[in-house]
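Presented below is the structure to which this report refers.
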Amino acid sequence: MTKHAGSCLCGIVKFKVHGDFDSFYLCHCKHCQKDTGSAHAANLFSQSAKLVWRSGADAVTTFTLPGTSHNKSFCKLCGSALPSTQIPGLLVVPAGCLDTELSMAPTAHIFSSSKADWEGLGDVPEFEALPE
């Protein structure tokens, strides 16, 4: 059985995931763009893995967008995205909150018709750190 560990940015919330992920989607829908502030969300999905909060469970809160099934769990202190179990039988883990290595490649880009207009435009320079 695969085990993964993760945490929030401030370190108050820590968790473990016991089990395997079924899929890894890069979601380009407008809701994910808004709640990540980026071009897409990167979420791992599992119908069988189990989530165990190691610390800070009381600092985890969830927002569900009214009229949708779109939700986001996050740390109340630092705002980091955290695992969600809001949809019965489904664990959703933001890939960026994992502290352990993830060898799984993304399964697919989803809601690609909603990609941000600026995503993938031009030949953009790449830096290993913040440029001076």
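Predicted model only: the values in this text are computed from it and were never measured. Side chains included, hydrogens not; waters and symmetry mates left out as well; all remaining heavy atoms used.
- Closest approach of S46 to S48, counting heavy atoms only: OG-N, 3.1 Å.
- Checked by atom type and distance alone, the side chain of T107 pairs as donor or acceptor with a backbone atom of F24 at under 3.5 Å.
- Evaluation of the side chain to side chain donor-acceptor pair (under 3.5 Å) test over residues 85-101, restricted to residues two or more places apart or in two chains, returns H4-T100, S7-D99.
- The local environment of NZ in K14 is sparse, with at most 12 non-hydrogen atoms from other residues, nucleotides or ligands closer than 6.0 Å.
- Note that OG1 of T36 is 11.0 Å distant from NZ of K34, once rounded to the nearest 0.5 Å.
- Note that the NZ atom of K16 and the CG atom of L51 stand 12.5 Å from one another [nearest 0.5 Å].
- M104 and F15 fall within the same hydrophobic cluster, defined by Ile, Leu, Val, Met, Phe, Trp and Tyr side-chain heavy atoms under 4.5 Å apart, directly or through other members.
- Counting only distance, with no hydrogens or angles, the side chain of N43 and the backbone of A95 share no donor-acceptor pair below 3.5 Å.
- Taking CG of L26 as the reference point, atom NZ of K115 lies at 9.5 Å (rounded to 0.5 Å).
- For CD of E119, the number of neighbouring non-hydrogen atoms (other residues, nucleotides, ligands) closer than 6.0 Å is greater than 12.
- Heavy atoms only, all atoms of each residue included: P125 and F127 are closest at CB-CE1, 3.9 Å.
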Legend entry - Derivation and outcome, side-chain contact (heavy atoms from CB on, under 4.5 Å), residues L82 and C75: CA-CA 7 Å; L82 291 167; C75 174; 3.9 Å; yes

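- Closest of all the heavy-atom pairs between C97 and P83 is SG-CD, 4.1 Å.
- For S84, the side-chain hydrogen bond (donor to acceptor under 3.5 Å, both in side chains) partners two or more places apart in sequence, or in a different chain, are N71.
- Side-chain contact between V93 and L91 is present, with at least one heavy-atom pair separated by less than 4.5 Å.
- Heavy-atom minimum distance, S114 versus C29: CB-CA, 3.9 Å.
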Inset, instruction - Decide side-chain contact (heavy atoms from CB on, under 4.5 Å) for D35 and L65; before the verdict, give the C-alpha distance in whole Å, the side-chain angles of both, and the deciding distance to 0.1 Å. - result: CA-CA 10 Å; D35 75 26; L65 186 63; over 6 Å; no

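- Not counting sequence neighbours, the partners of T61 by the side-chain contact (heavy atoms from CB on, under 4.5 Å) test are F74, K76.
- In this structure, the side-chain hydrogen bond (donor to acceptor under 3.5 Å, both in side chains) partners of S73, at least two apart in sequence or on a different chain, are T62.
- Between the CD1 atom of I12 and the OG atom of S80 there is a distance of 11.0 Å, given to the nearest 0.5 Å.
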Inset, instruction - Apply side-chain contact (heavy atoms from CB on, under 4.5 Å) to Q33 and H31, showing your working. - result: CA-CA 5 Å; Q33 289 176 35; H31 300 322; over 6 Å; no

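- Through direct or indirect side-chain contacts shorter than 4.5 Å among Ile, Leu, Val, Met, Phe, Trp and Tyr, F111 is connected to Y25, F45, I87, L90, V92, I110.
- A search for ring-ring contact (aromatic ring centres under 6.0 Å, His included) contacts involving H28 returns H40, H109, not counting sequence neighbours.
- Closest approach of C10 and C78 over heavy atoms only: N-SG, 3.5 Å.
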